[in-house]
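Data block below; observations after.
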Amino acid sequence: MQWPFTIAIVLVALVLVVLKLRRFWFEFSRLGSSDLSDQEASGGTKSSCYGCSGSSASESDLGIRIKPLVQLGDKRKRSVVSMCFLQAAVGGVVYGQEIRPPNYDEAIASNYKLGSVLAGPQGELIESKDQWPAHRKYLLDLFADQEYGYGPQGSVEVRMEVIDDGQAVLAGEVQAGIRRRQLAVYLERNGKQVRIDLLVWSPSDRPIASCFMGLNFRGNQSTSDDPKVRLTSSWCDSRNPGVVENRATEASRANQSERWPIAQILERGYAVATAHYSDIDPDYDDGFENGVHGLFPEHRSDAEHPNRWGSIAAWAWGLSRLADVLEKLEGIDPKGLMVVGHSRLGKTALWAGANDERFGLVVSNNSGCGGASLSQRVYGESVARINTSFPHWFNRNFRKYNDREDQMHFDQHQLIAAIAPRPVYIASASNDKWADPLGELLSGHHASSAYRLHGKQGLDAQELPAVNTPIGDGSIGYHLRQGDHDLLLYDWQQFMVFAKRNGF
Ligand code: GCU
């Protein structure tokens with residue numbers, strides 16, 4: 001090889017490495033963020049593009065918010081830096097390509113073709129409910145294999161200790177009608193243990209209540225101002241207010257209480273159970289070692305295993321372990337468990353609900369890409385972008401579809417269908433373009449034939465309704481709340497109307 005040619009190649013490679021490094025610096029700055037709307041709380045600009053750290057979807061693509069690595073712990077700093085170099089070298093030289101910018105053009109988004117939710121592996125359609133159990137299994141395998149990864153088969157011992165049983169104290173007042181229980185749930189296997197703090201609010205005047213259960217982003221103490229709720233001891237994102245060196249402080253109490261309107265939910269006779277998602281699996285890429293992954297070191301042990309369980313699968317599996325406890329808890333109706341989640345935890349609620357039939361009703365709030373919205377629309381957050389920003393959420397197979405959504409032989413409407421015939425509610429927000437509200441609605445619409453197969457009504461609408469106008473009288477409900485990516489009282493009010501109508 002001629003010298004000038006070699007030098008030119010080396011120079012080009014160097015430029016690519018530098019570009020890739022910048023990209024990874026930005027991606028790692030977002031990685032593990034447990035709730036980017038925290039910028040809003042800390043005085044940042046309100047964002048309609050939730051994952052974008054900027055003030056709008058397009059701004060986000062400039063990769064504006066750079067988190068200095070000095071905020072990370074030493075060990076993590078070293079691994080981030082070495083991963084940056086490694087991935088930059090490999091990624092920059094081998095691929096040398098950037099992720100496509102997000103699409104917000106409906107004309108481009110509507111150019112896709114979905115398979116029927118009743119179609120089996122060879123395209124054959126199932127015709128009766130008797131075929132449903134086998135078909136549902138096929139759907140679940142499809143998602144475990146291609147997207148979320150398989151949870152472990154091995155059993156774990158679930159032990160529970162009541163650490164508090166008293167009356168709620170909200171807004172400084174003792175609430176005679178609300179019982180507060182805090183349970184330490186221990187998952188044990190082969191001498192290893194994971195502790196999950198489960199906080200349960202239940203109406204004192206009812207012998208038994210249906211219960212909304214969902215994970216929270218910042219620890220149980222963040223979900224209400226009750227001073228008795230234990231501060232989480234699990235990993236927290238240092239960018240969130242009230243967190244110092246990845247640990248929650250008193251200052252974080254109640255800082256997401258608007259997402260958990262306990263008094264208003266309890267007023268309607270429901271119980272609420274919540275746990276910090278980090279107790280199950282801290283939300284950063286550690287090569288699948290910490291959290292519940294660590295209980296099953298032998299389970300698809302190679303980090304590069306194509307269908308190894310990612311964090312969404314781990315959180316969903318954790319929700320099922322909490323259901324093990326809740327279904328036996330005095331005062332909770334085991335037939336009244338409803339799983340709810342916002343954003344990444346909305347994706348989690350859908351996957352948990354699809355797998356575990358004890359969740360009689362499933363609620364997805366602003367779950368977006370990898371949740372309720374159709375990937376093949378490639379509107380807002382794309383598969384490539386989510387896999388790059390959050391490399392630990394999904395399995396490796398899912399990366400095959402990075403910027404290749406047209407090659408997907410499945411889509412999220414089949415995930416909704418896998419929940420059938422149990423009722424499912426999908427909520428979007430009008431400014432949350434990143435999560436593709438129309439794509440979220442269309443998943444529900446296209447899942448409808450699975451509900452009709454069971455003699456239930458699905459969702460007829462194929463167009464977004466007016467804001468704050470819930471639709472769907474049957475087993476699939478939908479609303480487009482006016483405003484930003486968030487979980488607010490308005491959303492809960494619609495979930496409760498839907499739950500009531502469906503017998504919860
Ligand atoms: C990011 C991510 C979304 C996710 C959201 C969240 O915005 O891109 O996919 O839903 O974070 O969970 O907070």
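Note that ligands are numbered from 1 as they come in the structure, with each ligand's atoms numbered from 1 the same way.
Ion pairing between R259 and D491 fails under the 4.0 Å rule for side-chain N and carboxylate O.
Without hydrogens or angle criteria, N216 side chain to S222 main chain gives no donor-acceptor distance under 3.5 Å. Listed for the Y490 side chain is a donor-acceptor partner under 3.5 Å among the backbone atoms of N468.
For atom 4 (C) of ligand 1, the nearest non-hydrogen atom from the set G341, S343, G371, G368 belongs to S343.
Taking a cut-off of under 4.0 Å to the non-hydrogen atoms of F390, the atoms of ligand 1 that pass are 1 (C), 2 (C), 8 (O). Of all atoms in ligand 1, listed by their number and element, those nearer than 4.0 Å to a heavy atom of I386 are 9 (O).
The only member of N387, I386, D436, L374 that meets side-chain contact (heavy atoms from CB on, under 4.5 Å) when paired with C369 is I386.
Polar contact check, N366 against ligand 1: no nitrogen or oxygen pair lies under 3.5 Å apart. Between W434 and ligand 1, at least one N/O pair is under 3.5 Å apart.
Counting only N and O atoms by type, the side chains of N366 and S343 include no donor and acceptor under 3.5 Å apart.
Within the 4.0 Å heavy-atom criterion, the part of E381 lying near ligand 1 is the side chain and not the backbone.
For the ligand labelled ligand 1, residue K347 lies inside the 4.0 Å heavy-atom shell.
The environment of CG in D406 is crowded: more than 12 heavy-atom neighbours from other residues, nucleotides or ligands sit within 6.0 Å.
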